[in-house]
Each structure stands twice: as C-alpha cells, then as structure tokens.
Amino acid sequence: MEASKDISRLLEIMAALRTPVTGCPWDLQQDFATIKPYTIEEAYEVADAIERNDMDDLREELGDLLLQVVFHARMAEEAGEFSFGDVVEAITRKMIRRHPHVFDRSDADTPDAVKLQWDEIKAEEKRERAERRAQRGITEDFKQGYLGAVHRAQPALTEALKLQQRAAKVGFDWSEAEPILDKIEEEVGELREALRSGRKEKVLDELGDLIFAMVNIGRHVGADPEDALRGTNTKFRRRFRHIETELQKAGESLEEASLERMEDLWQAAKGVTD
C-alpha cells in the first residue's frame with residue numbers, strides 16, 4: 001500500500017489496521033475512551049504548531065488530527081452507528097444550512113445580519129438535537145440550566161474556572177480565600193482515605209475534588225490555573241534538564257542515578273534555573 005492524497009487511502013489504511021487477525025494488535029484493542037486522550041493531544045499539537053508558525057509541523061499535526069477523526073469514525077462504523085462518509089455529510093449539511101447567504105437566497109448581507117441568522121439556525125439545530133437525544137433515551141443534557149452556558153469542550157481546568165465564575169455571579173461562592181484553604185486540607189484528607197482504600201474510582205473522584213478546590217483558590221487570588229500550571233510545567237522542565245545535564249557532566253545517566261542523587265541535584269537546580 002502506498003501513500004496518497006486521496007482520503008479513501010487513509011480510510012483503507014484504518015480499515016486494515018482494525019481488521020481482526022491481520023490488523024494491528026494495538027489498534028484493535030482501542031475504543032472511543034482510550035483514543036479520546038490522543039484526540040485531545042493532537043488538537044493541542046495543532047495549536048502549538050500554529051503558535052510557533054511552523055507550517056511543516058502544522059501539516060503533519062493536521063494529518064495526525066485527521067487520523068483521529070478517521071479512527072473514531074471507523075470504530076463507529078464497526079458498531080453500526082455511522083461511517084466517515086456520514087461525518088462528512090453531517091458537517092457539509094451544517095455548513096450549507098448555516099450559510100444560506102452564500103449557498104442559497106438570503107437577505108443577510110451584513111455581519112450583524114449574518115450573526116443573527118446564524119443564531120436562529122443554531123437554535124433550530126439545537127431543538128432537532130434534543131429530539132434525537134430523546135429518541136435515543138439520553139436525558140441528561142449539560143447544555144441546559146444556568147451552567148449550560150459553560151461549554152464542556154475545553155480543558156478541564158478552564159471549565160472548572162468558568163463554572164466557578166458563573167456560580168459566583170448568583171452568590172454561590174466563598175466570601176474570601178482563607179476558608180478555601182481549609183477546604184483544600186479537607187480534600188487532601190479525603191484523598192488520603194481514598195488511597196488507603198485502594199479503590200481507583202474513589203481516588204479519581206477525590207483527586208478531582210482537590211483539583212477543583214485548587215482552581216477555586218486561584219480564582220480568588222486572581223491567578224488563572226492554566227497559566228499557573230503552565231508556569232510550573234516550564235519550571236519542572238528547566239530543573240529536570242539541570243539534573244540531566246549535571247549527571248551527564250559526571251558521566252552518569254538518568255536511569256542509573258538514585259532518587260537521592262537526583263533530589264540533591266533538584267534542590268541545587270532551584271538556585272540556578274528559577
């Protein structure tokens with residue numbers, strides 16, 4: 001099989017990878033849940049390539065993101081839900097429907113008129129979506145209610161921050177930052193208990209509660225949690241790189257170094273990299 005600019009070749013490749021017995025063992029083991037993290041990661045890598053203005057990387061990362069779409073569509077087709085063609089048809093129908101001023105007759109000839117028309121069409125699509133969900137027995141809809149204005153399709157830290165900000169607008173909030181620290185200590189205690197229980201789902205639940213509380217303290221002091229964590233990630237990179245460099249100078253490797261040795265270098269790195 002050779003590379004091609006035709007999308008059908010990519011579909012053929014994915015079908016081959018997912019074919020029982022002759023396909024790839026790793027690809028065959030995957031499902032929607034296991035592939036989801038890779039889909040999110042690829043979207044971030046596309047954004048990173050754009051930020052760096054690296055068109056070569058952008059081409060590659062867009063391909064990786066497209067592969068994710070093809071992967072999900074293939075699994076859905078195997079489950080008898082929909083195919084890649086159905087995905088393409090759905091988005092083309094949506095774009096044509098939302099742009100009647102381009103593909104049909106419409107009086108919307110200004111940006112404001114187009115925006116109003118777009119909102120009306122989306123409202124109609126929303127009603128149709130609700131009907132489809134009801135037919136499938138899906139009753140919970142996070143787009144409903146006061147918090148429905150906060151989209152779920154964003155990084156979890158950002159979603160947590162926006163949920164808290166919106167709840168605060170109606171008075172559901174701490175009056176000051178200090179009590180949140182007590183809440184954080186409470187959540188740490190509950191996480192300790194969960195760890196002792198050995199129940200993975202309980203640990204995950206309590207860890208989420210702790211992170212949510214940490215986001216809350218950041219909000220109260222005006223520190224965006226995403227920015228704060230990104231800064232810590234950068235700091236960690238620098239300090240760990242210092243450890244690696246110092247070990248190389250001493251003729252040692254990361255794999256061979258003891259935890260105590262790396263911890264000493266970590267403490268030394270604080271005064272060098274910060």
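In what follows, every heavy atom counts, from backbone to side chain, and hydrogens, waters and symmetry copies are set aside.
- Note that the CZ atom of Phe82 and the NE2 atom of His72 stand 9.0 Å from one another [nearest 0.5 Å].
- Using a 4.0 Å cut-off between charged nitrogen and carboxylate oxygen, Arg127 and Glu131 do not count as a salt-bridge pair.
- Phe240 and Leu229 fall into different hydrophobic clusters, where Ile, Leu, Val, Met, Phe, Trp and Tyr side chains are chained together by heavy-atom contacts under 4.5 Å.
- Closest heavy-atom contact between Pro37 and Ala33: CD-O, 3.2 Å.
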For Tyr38 and Asp64: C-alpha separation, side-chain torsions, deciding distance, then whether side-chain contact (heavy atoms from CB on, under 4.5 Å) applies. CA-CA 9 Å; Tyr38 297 103; Asp64 290 344; over 6 Å; no
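- The minimum heavy-atom distance linking Ile217 with Ala177 is given by the pair CD1-O, 3.5 Å.
- Within 6.0 Å of CZ on Arg97 lie more than 12 heavy atoms contributed by other residues, nucleotides or ligands.
- Distance alone, capped at 3.5 Å, is enough to place a donor-acceptor pair between the Arg9 side chain and the Glu2 backbone.
- A distance-only check finds a donor-acceptor pair linking the side chain of Thr92 to the backbone of Val88 [under 3.5 Å].
- Using a 4.5 Å cut-off on side-chain heavy atoms (C-beta onward), Glu120 and Glu124 make no contact.
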Determine, step by step, whether Glu246 and His242 satisfy the side-chain contact (heavy atoms from CB on, under 4.5 Å) criterion, reporting the C-alpha distance in whole Å, the side-chain angles of both residues, the deciding distance to 0.1 Å, and the verdict. CA-CA 6 Å; Glu246 291 302 307; His242 177 81; 3.5 Å; yes
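- Side chain of Gln30 to backbone of Trp26: a donor-acceptor contact under 3.5 angstrom is found.
- A salt bridge links Asp173 to Arg219: one of the charged nitrogens lies within less than 4.0 Å of a carboxylate oxygen.
- In this structure, Val215 is a member of the same hydrophobic cluster as Val188, with clusters built from ILVMFWY side-chain heavy atoms closer than 4.5 Å.
- Rounding to the nearest 0.5 angstrom, the gap separating the CG atom in Leu66 from the CD atom in Glu42 is 11.0 Å.
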Output side-chain donor-acceptor pairs under 3.5 Å for residues 148-161, partner residues at least two apart or in another chain, one line each.
| unit_1 | atom_1 | unit_2 | atom_2 | d |
| --- | --- | --- | --- | --- |
| Gln154 | OE1 | Lys162 | NZ | 3.4 |
| Gln154 | NE2 | His151 | O | 2.5 |

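- Atom CG of residue Asp86 and atom CZ of residue Arg93 lie 9.0 Å apart, to the nearest 0.5 angstrom.
- More than 12 heavy atoms of other residues, nucleotides or ligands sit less than 6.0 Å from atom CD of Glu128.
- Using a 4.0 Å cut-off between charged side-chain N and carboxylate O, Lys94 and Glu125 make no salt bridge.
- Side-chain contact between Glu176 and His220 is absent, with no heavy atoms from C-beta onward closer than 4.5 Å.
- Ile91 belongs to a hydrophobic cluster whose other members, connected by ILVMFWY side-chain contacts under 4.5 Å either directly or through intermediates, are Met95.
- Across every non-hydrogen atom of Val21 and Leu28, the tightest pair is N-CD1, 4.3 Å.
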Apply side-chain contact (heavy atoms from CB on, under 4.5 Å) to the pair Met14 and Phe71, showing each step before the final yes or no. CA-CA 7 Å; Met14 180 51 63; Phe71 207 142; 3.7 Å; yes
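- Across every non-hydrogen atom of Ala213 and Ile180, the tightest pair is O-CG2, 3.7 Å.
- Side chain to side chain, Thr110 and Asp112 fail the donor-acceptor criterion of an N or O pair below 3.5 Å.
- By the rule that hydrophobic residues join a cluster once side-chain heavy atoms approach within less than 4.5 Å of another member, Val46 and Met55 end up as members of one cluster.
- In this structure Asp57 satisfies the side chain to side chain contact (heavy atoms under 4.5 Å, CB included) test together with Ala49, Arg52, Asp54, sequence neighbours excluded.
- Annotation: the span from Ile211 atom CD1 to Asn216 atom CG amounts to 13.5 Å, rounded to 0.5 Å.
- Gln164 contributes a side-chain N or O that, together with a main-chain N or O of Phe212, makes up a donor-acceptor pair within less than 3.5 Å.
- Listed here is the closest heavy atom pair of Ser4 and Asp6: OG-N, 3.0 Å.
- Looking at every heavy atom in both residues, Ala43 comes nearest to Leu65 through N-CD1, 4.0 Å.
- In this structure, the separation between CE on Met75 and CG on Asp27 is 9.5 Å, given to the nearest 0.5 Å.
- Between His99 atom NE2 and Ile121 atom CD1 the span is 8.5 Å, to the nearest 0.5 Å.
- Leu191 and Leu204 end up in different hydrophobic clusters when Ile, Leu, Val, Met, Phe, Trp and Tyr side chains are linked at under 4.5 Å.
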side-chain contact (heavy atoms from CB on, under 4.5 Å), that's the test. Do Leu247 and Arg261 meet it? Break it down for me. CA-CA 9 Å; Leu247 286 174; Arg261 170 75 165 131; 3.9 Å; yes
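- Neither Tyr44 nor Leu62 shares a network with the other; the hydrophobic side chains, linked directly or stepwise wherever heavy atoms of I, L, V, M, F, W or Y lie under 4.5 Å apart, form separate groups for each.
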